[in-house]
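See below for the structure under consideration.
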Amino acid sequence: MNPLVELIDVSLSYAGTTALSGFRISVPEGSFAAVVGPSGCGKSTLMKLVTGLLPPTSGAVLVDDKEIDGPLNIVGMAFQNPNLLPWRTTLENVLLPLEVVRPARYEFRQKREEFTARATALLKMVGLENFADHYPWQLSGGMQQRASLCRALIHRPRLLMLDEPFGALDAFTREELWDVLQTIWTEQRFTTILVTHDLREALYLADTVHVMSARPGRIVRSLDTVQFARPRDEKTFIDPRFNEAVLELREEIRNQRSPPDMQSLTRAAE
Amino acid sequence: MNPLVELIDVSLSYAGTTALSGFRISVPEGSFAAVVGPSGCGKSTLMKLVTGLLPPTSGAVLVDDKEIDGPLNIVGMAFQNPNLLPWRTTLENVLLPLEVVRPARYEFRQKREEFTARATALLKMVGLENFADHYPWQLSGGMQQRASLCRALIHRPRLLMLDEPFGALDAFTREELWDVLQTIWTEQRFTTILVTHDLREALYLADTVHVMSARPGRIVRSLDTVQFARPRDEKTFIDPRFNEAVLELREEIRNQRSPPDMQSLTRAAE
Amino acid sequence: MKNLDRIAPYAVGLLLLLVWEIACSAFKVPSFVLPSPMEIAVALYQNIYVIWFHSSQTLLTTLGGFVLAVIFGTGLGVAVGSSRMAYSSLYPLLIGFNSVPKVAIVPVLVVWFGIGIVPAVLTAFMLSFFPIAVNVATGLATIEPELRDVLRSLGASQTDVVRKVGIPRSLPYLFASLKISITLSFVGSVISETLASNRGIGTLMTQASANFKIPLVFAGLVVIAFMGIAMYAVFAAAERRMTGWAVRGSNFAVGG
Amino acid sequence: MKNLDRIAPYAVGLLLLLVWEIACSAFKVPSFVLPSPMEIAVALYQNIYVIWFHSSQTLLTTLGGFVLAVIFGTGLGVAVGSSRMAYSSLYPLLIGFNSVPKVAIVPVLVVWFGIGIVPAVLTAFMLSFFPIAVNVATGLATIEPELRDVLRSLGASQTDVVRKVGIPRSLPYLFASLKISITLSFVGSVISETLASNRGIGTLMTQASANFKIPLVFAGLVVIAFMGIAMYAVFAAAERRMTGWAVRGSNFAVGG
Amino acid sequence: QDLKPVHFSLDWALQGNHAIWALALKNKYFEENGLNVTMDRGYGSGDTVVKVAAGAYDIGFTDINAVIKFNAENPGQRLVGFYQVFDRTPNSIITLKKSGIAKPADLAGHTIGAPEADSSRIMFGAFAKANSIDPASVKWVSMAPNLRETMLAQGQVDAISGFSSTSVFNLIAAGIPREDIVVIPYSDNGLDLYGSALVAKPEYIEKNPDIIKGFVKATIEGTVALLKDPASGMAAIKEGDPLFDEKLEADRLAYLMDIGVLKSKAFDENGLGYIDPAKMETTIKTNSEVYNIAAPAADTVYTTAFLPPQAERMPPK
Ligand SMILES: Nc1ncnc2c1ncn2[C@@H]1O[C@H](COP(=O)(O)OP(=O)(O)OP(=O)(O)O)[C@@H](O)[C@H]1O
Ligand SMILES: Nc1ncnc2c1ncn2[C@@H]1O[C@H](COP(=O)(O)OP(=O)(O)OP(=O)(O)O)[C@@H](O)[C@H]1O
Ligand SMILES: Cc1ncc(C[n+]2csc(CCO)c2C)c(N)n1
Ligand SMILES: [Mg+2]
Ligand SMILES: [Mg+2]
């Protein structure tokens with residue numbers, strides 16, 4: 001399959017901090033990639049590069065075989081921070097992409113009811129059907145995150161970018177949403193890049209799990225998950241190979257980190 | 001031991017939403033309590049009640065045996081959202097409580113160096129020693145969360161409130177910080193209330209784990225963890241009773257939740 | 001609390017009048033220097049028709065200038081706030097233009113447009129567009145990049161970003177600037193009327209002052225003040241409806 | 001880009017002067033209606049000492065009034081922005097007061113304080129405190145409750161909240177209001193000088209206009225505009241240093 | 001029939017003497033002379049001069065002294081007076097009894113308030129010369145025109161300069177008894193100059209001689225009607241301006257007639273609008289000295305070409 005997203009020798013430096021360096025990745029069209037790595041290694045930066053929110057310092061970011069030079073309009077993104085607009089209700093927030101992306105924006109008035117129904121169905125799916133008319137600041141942290149997920153999906157993007165979309169959820173809500181996401185993905189087969197700290201989540205959802213090194217980040221390992229048949233379900237969790245893979249990833253990440261400074265810890269605790 | 005925090009039959013209603021109802025909890029002075037529960041059940045609300053940021057709709061919130069009627073000044077709180085002030089560097093953000101709480105605020109000028117050293121030591125502990133002079137928006141999500149933890153600790157509060165302080169961190173950073181927190185707590189023995197979605201985290205750190213029902217939230221189960229000797233370490237994880245307790249909590253939370261609506265899921269995926 | 005809130009402005013207003021009245025009689029301030037509220041009230045009552053005749057015109061020209069200012073000011077603010085080029089090239093010019101007292105420019109307008117409603121509308125406009133432009137520009141320039149990124153990640157155009165995030169985000173400050181601007185609009189149209197007009201509170205005031213009827217001058221001022229307050233009430237209502245989200249948990253609600 | 005930015009204001013300014021000059025000669029605008037830039041330049045050059053004598057006084061009174069306005073306006077803004085009571089009772093009064101053209105009040109000041117520097121300073125102050133108060137109040141009333149809670153959870157007093165969150169949070173808007181206010185301060189002191197003063201650009205302007213030396217009037221205006229721009233440059237520098245965080249990733253930096 | 005439109009600006013807010021044209025409008029004198037006149041209030045003589053020169057108005061009623069000055073500053077845009085309305089300037093020094101100032105010589109060492117721009121203040125040099133006092137011996141305080149009387153009443157200045165017809169009545173309105181007000185008119189103290197006139201641009205006059213003629217005729221008819229029945233004149237203004245204070249303005253008009261401004265021996269003998277070339281020469285010479293300009297030729301300042309025969313402009317007995 002053709003890669004939809006390809007990063008070639010990308011590096012990105014903020015003033016004073018090199019976030020990514022010598023970064024290479026290739027995500028085939030229609031596949032589900034997960035990215036894991038230690039905190040601060042450049043995962044969110046990667047997401048911004050792929051969507052064109054940031055230009056790389058060097059190297060090339062190719063989407064659809066073209067080097068991008070600004071934000072794309074085939075993307076749905078759930079940011080690490082839910083970033084809901086405080087002057088819009090949950091429903092209005094979820095509808096936002098349809099007011100912006102082509103061609104939905106031109107049909108927005110006439111298809112308003114259809115779009116609202118679509119948004120309501122998504123909200124129901126994540127358990128927010130009763131909060132459509134609430135404002136974001138009336139939602140709990142986890143509820144905001146779920147609304148943000150709906151906003152990323154509503155316009156059926158070709159490329160879905162999820163930056164720790166389930167971080168603020170309890171284990172059950174989270175696992176339910178895994179299945180929700182899997183179902184939608186199986187239907188629509190958009191290309192997905194998921195950043196997560198939950199290794200089980202990465203293995204459960206993705207076709208390939210990429211492990212990043214500590215800052216400056218680059219990919220040090222890519223693990224295929226073809227051995228776990230789709231659709232995956234509770235049985236996948238008890239597959240011994242699944243737990244082996246979790247441990248393997250765990251070990252890989254541990255190698256990428258430097259231990260904490262226990263001396264300073266003792267000092268601070270004095 | 002005397003309870004430092006006690007909630008008696010507390011209920012809290014926002015316009016249109018009852019977040020807590022018939023809520024009772026008692027947290028002995030110097031103990032470590034963890035609160036777990038489904039997303040949106042009222043955990044963050046509980047935190048605001050205990051610190052006096054919100055008055056209860058009915059019932060009584062007692063701290064130090066006195067009913068509170070406004071924000072307290074014995075508290076260190078890490079909010080679910082890091083909420084760092086964007087016009088202050090990381091270091092200045094961490095120093096903020098010392099500019100506000102008594103008596104530190106009066107000594108702030110003369111003890112500036114001592115305080116800065118204390119803040120720097122805390123930052124080093126969480127791996128942010130190189131980011132003291134960065135602004136919050138120059139930090140990754142996980143880094144912000146760690147800075148926020150430092151801010152909650154800097155003024156050595158009598159009551160530490162942590163609302164999912166490790167949610168945005170990878171497994172290793174998270175587990176290291178558990179140990180960091182445990183060490184500091186063992187030294188200083190401040191009373192702590194920790195909200196988390198990670199059951200292992202709750203069991204590893206707390207003396208008692210409280211399970212909340214779905215909204216309107218109340219405590220349906222409180223689990224003691226005396227059987228796991230302190231200081232806890234990697235050996236605790238392999239204690240079979242530990243994993244049993246995790247499963248037990250898991251089951252308890254599952255009972256508190258209603259299953260998702262799979263019909264609407266199929267509709268949304270059409 | 002709610003009730004007290006409603007009474008408060010009247011109470012403070014009354015108190016002020018009382019202090020003024022007492023001060024006037026205690027210090028024997030002559031009425032041609034500063035008339036007492038009673039004298040002003042009498043002048044107001046005796047000339048109510050004349051005042052109505054003039055003030056209706058002033059209200060009209062003020063609103064005309066104000067509407068122009070809102071349209072132009074918002075546009076200018078969007079331009080200045082969203083392009084660095086416009087910012088650095090226009091800001092100094094705008095400041096220069098606005099530092100200049102418009103009294104000196106009104107005569108030019110009168111020569112070009114004749115005495116009447118046009119110079120007054122234009123003066124009201126010239127005085128009041130700047131605060132709107134400044135606040136809209138500042139609102140746009142200080143949008144949280146996170147919110148902007150939400151839109152940019154959807155491939156939104158600059159215009160989309162301004163419409164969907166910039167304007168709503170800056171609304172509280174747009175309203176703030178409207179409060180400043182409406183007062184300046186009144187000042188502008190009255191000043192222009194003082195300099196060249198056959199109708200309007202400004203005309204009334206020069207005429208009264210030419211005849212040394214100072215209480216009538218102040219009666220004119222009082223009417224302007226009330227028209228300003230009435231306009232404010234309109235904005236305040238719109239503001240409450242449109243920017244409730246921005247003051248959601250403000251101090252006002254502490255303990256609520 | 002950076003260079004272009006630096007040149008832009010001058011380029012636009014020059015362009016404007018050119019258009020003005022050409023329009024004046026094309027439409028044969030008489031110099032006593034609107035002098036051309038060349039005529040103004042000549043008047044400026046020929047009267048440079050007189051202008052300096054008068055403008056130095058105006059600058060002084062303007063700054064005096066402006067400093068008062070900043071102090072009082074900020075205080076008032078804090079009061080109005082952090083207490084619902086103050087908000088609902090003071091806002092209407094302030095609007096009323098500011099809708100009134102100060103031309104009518106200057107005479108009262110002159111009678112009380114005598115002709116000279118005091119009425120000019122007070123007029124500059126009266127015209128310019130309001131935008132500052134409005135923007136500070138709006139800044140405080142729209143603080144994100146999350147940020148306020150950070151301080152409140154530490155048991156911070158209302159004052160602490162204002163100092164540590166309110167003021168820094170509202171700084172971009174405080175600067176915005178300073179830009180508005182400084183222009184109003186200039187207008188205020190010049191207007192007061194026009195009405196009663198023996199020194200200042202306002203005096204120069206009435207004098208010149210009585211002598212039909214309209215180019216000199218406009219030369220005075222030009223000097224005021226330049227003083228305004230100079231003050232703006234000072235604020236802009238302070239603003240860049242103090243509120244960089246607020247425009248961190250603004251459009252200005254797109255692609256950077 | 002076709003009425004020719006004319007835009008006419010007064011020198012100041014409506015006052016009693018303006019009833020000349022209010023009557024001309026009301027009694028259709030303008031229409032009878034083929035004119036459709038719109039009349040606007042003015043904002044000072046200087047301002048009226050500029051507006052007529054700029055073409056915003058066709059005809060203005062303004063101080064001839066201001067015209068002389070304007071012509072000197074703007075030689076290409078000059079104005080010409082074609083009908084003298086005021087035989088004398090009402091410019092005066094006005095003070096209160098308690099100041100002890102009774103004659104020009106007493107002014108030395110005192111403060112006088114007036115706008116910098118006021119013709120009374122500008123003419124003061126000539127006034128001082130005519131009365132042999134040192135102009136530097138008085139201290140001037142600048143203020144807006146309408147602040148003058150307040151400042152005098154409040155004792156912030158010892159005297160003010162300006163039109164006595166305005167200041168005297170403002171002081172009375174401020175509660176000062178008439179007998180406490182001291183007026184020292186320039187025209188009684190060695191500076192007998194002409195006052196306000198009807199003016200227009202020479203090009204306009206040349207192009208529209210009929211309009212000018214008609215306007216002069218209507219003005220004369222209005223003046224005659226006003227002198228005959230001042231009360232009807234006051235009523236005519238009041239109709240269009242409800243703020244107009246008939247009683248005050250009737251008094252002001254009577255005052256202007258008393259002091260020989262609107263009604264004078266020269267007008268009585270030679271007819272309304274009469275210009276004594278010698279007196280006009282003095283007016284021009286005084287202005288040229290004060291402003292330090294070359295004295296303009298008399299025919300660039302005024303013309304009598306549009307005056308009807310003397311018999312048609314005799315004031316009522
Ligand atoms: N706007 C910025 N300016 C300067 N440095 C930045 C900026 N954004 C991110 N960084 C730096 O880049 C590095 C990578 O940040 P990034 O947000 O990509 O990390 P991350 O992998 O998403 O971490 P986390 O798991 O904690 O969210 C960090 O060291 C951070 O300090
Ligand atoms: N300011 C508010 N106004 C109205 N409703 C609110 C407000 N804050 C919270 N709620 C409601 O109260 C309930 C509990 O919210 P809370 O934030 O306490 O949940 P939580 O347990 O912290 O959830 P999470 O794990 O997702 O953070 C939610 O239903 C939420 O919608
Ligand atoms: C009767 C009469 N009274 C006052 C004025 C007022 N006024 C108009 S212009 C001017 C100053 C000269 O430029 C003054 C004082 C007047 N014109 N006629
Ligand atoms: Mg991140
Ligand atoms: Mg929460």
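Since we're looking at a predicted model, the values are computed, not measured. Residue numbering restarts at 1 for every chain, and letters A, B, ... go by the order of the sequence lines.
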Structural part of C:Glu239 lying under 4.5 Å from a heavy atom of chain D: side chain

Identify which part of D:Val111 has an atom lying under 4.5 Å from any heavy atom of chain C, answering side chain, backbone, both or neither. side chain

Determine the option with the most heavy-atom pairs under 4.5 angstrom with chain C, choosing from D:Phe186, D:Phe175, D:Tyr10. D:Phe186

Cut-off 4.5 Å, heavy atoms of chain C, and the answer for D:Val103 is side chain

Between C:Ile201, C:Val223, C:Val108, the one whose heavy-atom pairs under 4.5 Å with chain D are most numerous: C:Val108

Within-4.5 Å side-chain heavy-atom neighbours: C:Thr183 and D:Phe97: no

Please assess D:Tyr173 against C:Thr142 for the test side-chain contact (heavy atoms from CB on, under 4.5 Å), listing each intermediate value before the final yes or no. CA-CA 9 Å; D:Tyr173 290 95; C:Thr142 59; 3.5 Å; yes

On a heavy-atom basis, which atom in C:Gly13 and which in D:Leu93 lie closest, and how many Å separate them? CA-CD2, 4.1 Å

CZ-OH distance between C:Phe235 and D:Tyr91, expressed to the nearest 0.5 angstrom: 11.5 Å

Using every non-hydrogen atom in the two residues, find where C:Ile229 and D:Pro92 come nearest and quote the distance to one decimal. CG1-O, 3.3 Å

Work out which heavy atom in C:Asn135 is nearest to a heavy atom in D:Ala176; give both atom names and the distance. OD1-CB, 3.8 Å

So, the part of D:Ile191 with a heavy atom under 4.5 Å from chain C: the answer is side chain

List the steps, then state whether side-chain contact (heavy atoms from CB on, under 4.5 Å) holds for C:Leu184 with D:Leu184. CA-CA 10 Å; C:Leu184 289 175; D:Leu184 290 175; 4.0 Å; yes

Under 4.5 Å to a heavy atom of chain C? For D:Pro131 that would be both

Among D:Leu94, D:Thr138, D:Ile224, which residue forms the greatest number of heavy-atom pairs with chain C at distances under 4.5 Å? D:Thr138

Give, for atom CG of D:Asn98 and atom OH of C:Tyr232, the distance between the pair rounded to the nearest 0.5 Å. 12.5 Å

Between C:Gly139, C:Ala236, C:Ala137, which has the largest tally of heavy atom pairs under 4.5 Å with chain D? C:Gly139

Below 4.5 Å, heavy-atom pairs only: which of C:Val187, C:Leu34, C:Ile95 has the largest tally toward chain D? C:Ile95

Please find the pair of heavy atoms, one from D:Tyr87 and one from C:Lys179, that lie closest to each other, and give the distance. OH-NZ, 3.5 Å

Just so I understand: if I count every heavy-atom pair under 4.5 Å between each of D:Ala225, D:Ser99, D:Ser185 and chain C, which residue has the most? D:Ser99

Sub-4.5 Å heavy-atom contacts with chain D: which residues of residues 212-222 of chain C show up? C:Phe218, C:Leu221

List the atom of D:Ser88, the atom of C:Ala8, and the distance in Å for their closest heavy-atom pair. OG-CB, 4.4 Å

Between C:Ala104, C:Pro101, C:Ser181, C:Ser177, who has the most heavy-atom pairs with chain D when the cutoff is under 4.5 Å? C:Pro101

